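Residue numbers start from 1 in every chain, and the chains themselves are labelled A, B, ... in the order their sequence lines are given, proteins ahead of strands. Just so it is clear, the model here is predicted, and its values are computed rather than measured.
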Protein chains: 2
Amino acid sequence: MATDLLERVRKSLQEFLSGKGLRRTPQREAIIEAAFGTDDHFNAEDLLKRAQEIDRSVSRATVYRTLPLLVESGLLREIELGTGTKVYDPNFIDRPTHNHLICVDCNKIIEFEDTNMELLENCITRRLGFSPASKMIKIEGHCDELKRQGSCEHLRTREAQEGTRG
Amino acid sequence: MATDLLERVRKSLQEFLSGKGLRRTPQREAIIEAAFGTDDHFNAEDLLKRAQEIDRSVSRATVYRTLPLLVESGLLREIELGTGTKVYDPNFIDRPTHNHLICVDCNKIIEFEDTNMELLENCITRRLGFSPASKMIKIEGHCDELKRQGSCEHLRTREAQEGTRG
DNA sequence: ATTTCTGCAAACGATTTGCACAGGG
DNA sequence: CCCTGTGCAAATCGTTTGCAGAAAT
């Protein structure tokens with residue numbers, strides 16, 4: 001499934017690039033492969049690391065220069081999670097209207113869609129004299145899993161990773 | 001009305017400060033006066049400028065050190081508008097659950113509340129196994145005023161200000 | 001008197017940019 | 001061949017911090 005997605009992304013990006021007179025390069029290839037290879041959110045540094053695992057020659061500057069292209073092309077979305085760094089979400093290709101529910105305690109992120117909310121937003125927007133363009137909802141809460149059990153899978157995974165990273 | 005608000009803020013902040021063993025200083029006074037003197041959103045630099053108009057001695061460092069206190073005390077809220085800098089909203093004291101509707105074209109910001117949306121959010125959150133904590137909704141759209149008339153009041157005000165600032 | 005606060009300027013971390021060379025079309 | 005893309009390192013921008021003196025309580 002991820003491979004299939006990657007194919008669609010490649011095609012779509014290729015159209016975007018050639019439409020703008022821009023070029024396909026191995027570095028950009030590596031970067032999109034890294035960006036759409038998983039459905040995790042990531043920041044520039046994460047992406048650099050992943051892209052370099054695919055192609056050693058990818059530099060930080062190229063990552064920073066490629067990210068805006070991916071956003072402009074509509075393949076990637078910049079989401080505001082309130083962490084210090086810009087975070088990118090590769091999942092808007094499949095679910096263009098999804099929202100984020102975040103656990104304040106373990107930082108688990110759940111993506112969800114809701115038709116009622118879509119509808120309500122549209123109504124509100126029009127009622128206030130606007131034509132809807134895009135919307136973003138971020139809900140913070142406490143996940144039951146953690147509250148009930150004192151720990152949760154996400155938290156453990158996170159802690160394990162922190163240990164690895166140093 | 002703004003004066004009344006300012007009084008409430010002072011009192012509330014005073015309680016917060018003394019509760020933490022922190023002190024009331026002229027600089028902090030100037031900063032809260034600047035922060036709650038209007039209902040505009042602002043960033044650190046805006047606030048510095050406004051605070052210095054009240055008390056020349058206010059420094060950038062003090063502004064940056066005071067902002068987190070105001071946020072922690074619940075008087076001020078950091079909102080994510082996707083501009084490069086952190087933006088603060090002084091209007092959550094009066095309307096603790098309000099949301100933002102932003103015009104993509106003129107950057108006008110409309111604050112709104114909606115009980116249905118509140119309710120819906122709560123339902124969704126619980127359904128997904130979370131206890132609600134806080135939420136933030138940002139809707140982007142095109143304002144009719146600008147679309148219909150080719151210009152709008154907000155845009156003109158903005159342009160006038162840009163000219164002033166340099 | 002004892003802390004907390006302050007301004008200053010240096011440090012910081014994420015992101016951007018100028019440059020000279022590399023390499024796609 | 002022309003023009004865009006690249007890596008590198010320096011620059012930038014918002015924000016944070018160490019320090020020595022100032023000032024609340």
Side-chain angles (χ1 to χ4, degrees), chain A residues 10 13-35 41-52 54-73 76 78-88 165-166, chain B residues 10 13-35 41-52 54-73 76 78-88 165-166:
Chain A
R10 272 214 193 79
L13 185 65
Q14 181 49 37
E15 278 164 25
F16 174 79
L17 289 179
S18 57
K20 293 205 114 193
L22 302 176
R23 291 166 185 171
R24 164 184 289 241
T25 69
Q27 289 87 347
R28 282 176 180 165
E29 280 289 322
I31 290 169
I32 67 163
E33 199 171 323
H41 301 156
F42 53 83
N43 62 29
E45 203 63 26
D46 297 334
L47 184 57
L48 171 64
K49 207 192 303 176
R50 290 198 217 155
Q52 285 184 331
I54 298 165
D55 180 340
R56 288 247 100 234
S57 82
V58 174
S59 75
R60 179 167 288 107
T62 298
V63 167
Y64 275 105
R65 282 190 274 234
T66 303
L67 276 168
L69 291 177
L70 293 172
V71 171
E72 196 193 337
S73 75
L76 209 57
E78 209 177 299
I79 57 175
E80 282 137 35
L81 294 182
T83 55
T85 77
K86 288 183 187 170
V87 175
Y88 298 87
R165 287 192 207 151
Chain B
R10 274 214 192 80
L13 186 66
Q14 179 51 35
E15 278 165 23
F16 174 79
L17 289 177
S18 57
K20 293 203 113 192
L22 303 176
R23 292 167 186 172
R24 165 184 288 241
T25 69
Q27 290 87 349
R28 283 177 180 164
E29 280 289 321
I31 291 170
I32 68 162
E33 199 172 323
H41 301 155
F42 53 83
N43 62 30
E45 204 62 27
D46 298 333
L47 184 57
L48 172 64
K49 208 192 301 174
R50 290 199 217 154
Q52 285 183 332
I54 299 165
D55 179 341
R56 288 245 101 238
S57 82
V58 173
S59 74
R60 179 169 287 104
T62 298
V63 166
Y64 275 105
R65 281 190 276 232
T66 303
L67 277 168
L69 291 176
L70 293 173
V71 171
E72 196 193 338
S73 75
L76 209 57
E78 208 176 299
I79 58 175
E80 282 137 35
L81 294 182
T83 55
T85 78
K86 289 183 186 171
V87 175
Y88 299 86
R165 286 192 208 150

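Within 4.0 Å (heavy atoms only), A:R28 reaches sugar-phosphate atoms of the nucleic acid but no base atom.
With hydrogens and angles disregarded, no donor-acceptor distance shorter than 3.5 Å links the side chain of A:D55 to the backbone of A:Q52.
Here the closest heavy-atom approach between residue B:F16 and residue B:L69 is recorded as CE2-O, 3.7 Å.
Between B:Q52 atom CD and C:dT6 atom P the separation is 14 Å, expressed in whole Å. Note: CD (A:Q14) to P (C:dG24) measures 14 Å, nearest angstrom. Nucleotide D:dG5 holds its P atom 14 Å from the CZ atom of A:R24, rounded to whole Å. Rounded to a whole Å, the CG atom of B:N43 is 13 Å from the P atom of D:dT16. Rounded to whole angstrom, the span from the CD atom of A:E45 across to the P atom of C:dT15 amounts to 9 Å. Between A:R56 atom CZ and D:dT6 atom C1' there is a gap of 16 Å when expressed in whole angstrom units. Rounded to an integer number of Å, the gap from B:D55 CG to D:dA22 P is 17 Å. Between the C1' atom of D:dA24 and the NZ atom of B:K20 lies a distance of 18 Å, rounded to the nearest Å.
Side-chain N/O atoms of B:T25 include one lying less than 4.0 angstrom from OP1 or OP2 on C:dT6. An OP1 or OP2 oxygen of C:dT16 is reached within less than 4.0 angstrom by no side-chain nitrogen or oxygen of A:Y64.
If B:P68 and B:P26 are placed on DNA chain D by their nearest nucleotide, the residue sitting closer to the 5' end is B:P68.
In the interface, the side chain of B:R65 is not paired with the base of C:dC5 through any donor and acceptor atom under 3.5 Å apart. Not a single donor-acceptor pair, N or O on each side, falls under 3.5 Å between the base of D:dT25 and the side chain of B:R23.
Each of A:I54, A:T25, A:T62, A:L48 was checked for a side chain to side chain contact (heavy atoms under 4.5 Å, CB included) with A:I31, and the lone residue meeting it is A:T62.
Comparing C:dT15, D:dT17, D:dT16 by their closest approach to the side chain of B:A61 singles out D:dT17.
A heavy-atom distance below 4.5 Å is not found between the side chains of B:E45 and B:T85.
Taking a cutoff of 4.0 Å between a charged side-chain nitrogen and a carboxylate oxygen, B:E29 and B:R10 qualify as a salt bridge.
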